[in-house]
Every structure is written in structure tokens, then in C-alpha cells.
There are 2 protein chains.
Amino acid sequence: MTRSEENYLKTIFHLGNGDVGSINTNAIAEQMETKPSSVTDMAKKLADKGLVHYKKYQGVSMTEAGIKMALSIVRKHRLWETFLVEKLDFAWDEVHEVAEQLEHIKSEKLIDKLDQLLDFPKYDPHGDPIPGKNGEFQEHNKDLLSELPVGAHGVCVGVKDSSSAFLQYLDKHEISIGKPIQILGKEAFDGSLQLRIGEREHTVSHQIACNIYLK
Amino acid sequence: MTRSEENYLKTIFHLGNGDVGSINTNAIAEQMETKPSSVTDMAKKLADKGLVHYKKYQGVSMTEAGIKMALSIVRKHRLWETFLVEKLDFAWDEVHEVAEQLEHIKSEKLIDKLDQLLDFPKYDPHGDPIPGKNGEFQEHNKDLLSELPVGAHGVCVGVKDSSSAFLQYLDKHEISIGKPIQILGKEAFDGSLQLRIGEREHTVSHQIACNIYLK
DNA sequence: AATTAAATTTAGGCAAATCTAAAAATAGTT
DNA sequence: AACTATTTTTAGATTTGCCTAAATTTAATT
Ligand SMILES: [Mn+2]
Ligand SMILES: [Mn+2]
Ligand SMILES: [Mn+2]
Ligand SMILES: [Mn+2]
């Protein structure tokens, strides 16, 4: 597996969101910041290797082998992110770019030992589940803050958007994984929410609420 | 800097052994397990970037910028090797291949934090000095076991050959960095040495003695 | 000095991963 | 059903890093 093949595979996996449905060329191209024609080339290559199903003009979908492969890359990515935060004191908004590189390091022993060093974590710094050696993982049964009713309360268990900008916004407003959050009110006009976050009260826009998971 | 450029630069640096002299194309090709014509191509590219001096048929030598760059790659390599041994319980014969990959990860913060986690180590698992952020390092003033007289004694501070085969030989005979070693006798015929290693006595061939550093 | 040997470079080509521009297929709309 | 718009693929080119084979330069030997 080349680095590029791994990146395509991971993107296809994420776009499919665990489902089996087929992913269109354009969506992959946009996500990878590349051109549709490049995607077509790679689709053929991945199909030749048995990692995706591909029929002309029909998009791609993952095979069993492809899913397994993708999960192993995701596992590496999230373990490295966890390492960076837990052991090297990176902030949660600084880890993704570096993990994009580290996820391609080839060494089974390395990743197993890393897993052990981190005490076999189940979730990464953004609340995303870390697949185990055999691809198994437990997703939190979480809800988007934006879809909960007034009065609901729970604990922040993850974020949907993990862009640096969004994570820094959350830092500034002291929203982090593990924080208890209660919905005090909802503004009908723009969908913004009044929240109690720990001790404090804050108002967040609908856009923000769409990217925070509660449990 | 591409991965390939970094690998060439590091090889040229190591072949030069810190000296300023010029390195021939063939030597680089052999070390990199590639062809001389490929080396010529890369020599031009590195020269264009100001990392080596290159004149047709005259071999290459490193520029100041090239040395600085090479030292930063060596720093990364040796810090990662140290990490693998100290934090992930790798054996000293298992780290090189993985470090060959890890040394190309681009993140200044990552390497500085790693340095900190390891408590700013001065030497890697093979006794080689780890350059600091600004390229400074202290080489042990060490001697090859093969070049010391009978009666000499000291402490093993490094190995010249760090191949897996050699390191495993050393493990088997309980020779490791930090072990006190004394030369009890020398066989004139084949140059083999009788040693006291810690408590035990061992005989090692000349070839072995040529790859152990004492201080 | 001429010849041979070795080292090095050039020329031309190939595979991976990308691109642009044009062609083909599919989907959406009158 | 026919036309239009969108999506997707093909064709041909480019860059990087590598190769082989041939030409060139330098080094070593008669
Ligand atoms: Mn990430
Ligand atoms: Mn993550
Ligand atoms: Mn090494
Ligand atoms: Mn080393």
C-alpha cells in the first residue's frame, strides 16, 4: 500500500460513514483536494487490489478487505493523536496534521506498543472511537447538541468538526470532552442555544451546536 | 525536502563522516542500493537547492546548509530510536528500520516534545550522539576495542556496526552499552581477544572487536 | 604517450500520481 | 422524448525518482 492509496481508502471509508453505499467520484475529489480524473485512476487501482468495488460511472464502495485496511489506518491515526495529546502535551487542535503523517508508518509492533503505552484507549482526543487490532470498536451512542430538546442535559463526548478553528473556539469557551452540558433555552429565530456548561452559562449558535456530541 | 532528498543527504553526510572531503557517486549508489545514474540526478537537484557542492566528475560535498539539514534528520532518527527503546520497549536491534520511516515526519514541535519526553538524551541506543536543536553534539572520545592493548579496560559506549545480526550477537553474549570490559589477552594468529565482560570471560573474534567502542 | 579500466554522466524510458482538456455517460428538465 | 446540465471517464502531458545502455571523462597501466 502506498501512502496515496491509504489516503484514498481512508477518505472513501469516512465518506461512506460506515455504510455500504457507493461514493461518487466528485465527493472523493473534493475531500482529497484533487481532481475527479485522479480519483478515477485510483479507483481502478484500488479495485484491482480488491479494496473497493468499482464499476464505471457507478462510484466506488468498500470491500471487506478495504474496510479492514481503512480501519487499520484509522486505528493508527487515532492512536497517534492520543499519544500526541497524552504523552507530548499537544492541544487537541494540533494533532490532526501530524497524525496524517504518522498514520502511514509501517510497523505492526510500533502500533501495538503504542496502544499498550497509552493503556489501550477506546477514544481519541476528539471523542472518536479507536478501532482495536481486529477492527472492533464501540461508538458512543451520542446525540448532536442541536437535535436535543430544551431541558436535555448530558456530557460532551465528542465533536463532529475537528478543525483547528472550531476546537480553538471550544477551548476559548471552556467546552471540552467530559464537560456536563445542559440546554437551558433555544432561540426559535436562529436556533441558537442557551447552555449551562459546567458552572457557567453560554449562548452558542446553531452552527456550533451542530458539531458537539452529547451523551 | 522530499523523503528521497533527505535520504540522499543523510547518506552523503554519513559517508563523509563529518569531514569536508568529496564523496564519489559510486559510494553513494552502493550505500543507497541504487544506481550511479540516479545519484547523478539527485546530486544536481541537491546542488540546485544549495545543500551540496557538485561539479561533474568531481563527486559531491556538503554545504553548510546541507550539514545543518542532515544533522536535523540524524537528530530525528536517533531521538526516535531512543523513544522506541526507552518508551516502547523495543530491543536495540529492532529500532533502525522504524526510525528510517519516522525520521521523515515533519513537525518541529513533535521532535522538540519528544526530546523533552525523553529528558534530552545525549546518546541513542547504539551510543551515537544525538544532535541538539542547533546541531551541536558531543561525540564520546572512544576507542575501538580492536585498537586497544592487552590490559586495557573501559566501558562499552557504542557500536560501529548496528546491524541486527551484530546487535543480536552482542545480546547473546551479554555485551551492552555500559558494560565494563577488560582485555585479558590477544591471540597473535587471528587477532581474537580474550575479554572480561562484567563478571564473565569471553573470547571474541577480531571482526567483533572492530565494532565495539570503549571508553 | 597510448591503451585499458573504472567511474561518471547523458540519453531515453518507465511507473506512480497528478493535471488539463475533451469526450462520453448519466441525471434532470422541459 | 429531446435537450441540457452534471458527473465521470479518457487521452495526453508533467513531475519525481528510478532504471538500462551508451557515451564520456578520469584514473591506472603498460
Ligand atoms: Mn484526525
Ligand atoms: Mn481524531
Ligand atoms: Mn539507526
Ligand atoms: Mn542509532
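Quick note on labels: first sequence line is chain A, next is B, and so on, each numbered from 1. Note: hydrogens, waters and symmetry copies are ignored here, and every other heavy atom, side chains too, is used.
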[X] side chain near [N] phosphate (N/O to OP1/OP2, under 4.0 Å):
X       : N      : result
A/Lys35 : D/dT8  : no
A/Tyr8  : C/dT18 : yes
A/Asn26 : D/dT6  : no
A/Ser38 : C/dT18 : no
A/Tyr54 : D/dT9  : yes

Candidates [options] - which lies nearest the side chain of [X]:
X       : options                : value
B/Met42 : D/dT24, D/dC18, D/dT9  : D/dC18
A/Lys56 : D/dT10, C/dA7, C/dT9   : D/dT10
A/Thr2  : D/dT24, C/dT10, C/dA16 : C/dA16

Within the structure shown, what part of the strands sits under 4.0 Å from [X] by heavy-atom distance: base, sugar-phosphate, or nothing?
X       : answer
A/Ser4  : sugar-phosphate
A/Thr25 : sugar-phosphate
A/Asp41 : base

Check: Just checking, any donor-acceptor pair under 3.5 angstrom between side chains of B/Ser164 and B/Gln168?
Finding: yes
Note to self: Checking side-chain polar atoms at under 3.5 Å, does B/Asp124 have a donor or acceptor matched by the opposite partner on B/His77?
What the structure shows: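 Result is no, nothing qualifies.
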Rounded to whole angstroms, how far apart are [atom1] on [X] and [atom2] on [N]?
X       : N      : atom1 : atom2 : value
A/Asn24 : C/dG28 : CG    : P     : 12 Å
A/Glu30 : D/dT7  : CD    : P     : 10 Å
A/Glu6  : C/dA16 : CD    : C1'   : 15 Å
B/Lys55 : D/dT26 : NZ    : C1'   : 15 Å
B/Tyr57 : D/dA27 : OH    : P     : 12 Å
A/Ile28 : C/dT18 : CD1   : P     : 13 Å
B/Gln58 : C/dA7  : CD    : P     : 15 Å

Next item on the list: Between A/Glu5 and B/Ala43, name the one whose nearest nucleotide on DNA chain C is closer to the 5' end.
Entry: B/Ala43
Next item on the list: Taking the side chain as every heavy atom from C-beta outward, state whether A/His96 and A/Ser163 have any atom pair closer than 4.5 Å.
Entry: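 No - every pair of side-chain heavy atoms lies 4.5 Å or more apart.
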Checklist line | Cation-aromatic face contact A/Lys109/B/Phe90, 6.0 Å, 45 degrees | finding: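 Yes, A/Lys109 and B/Phe90 form such a contact.
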Check: If you take atom types as modelled and just measure distance, does the side chain of B/Ser37 reach the base of D/dT20 with a donor-acceptor pair under 3.5 Å?
Finding: yes
Notebook entry, point to check: Does the pair A/Thr34 and A/Tyr8 meet the rule for a side-chain contact (heavy atoms from CB on, under 4.5 Å), with working shown?
Noted result: CA-CA 11 Å; A/Thr34 181; A/Tyr8 273 96; 3.7 Å; yes
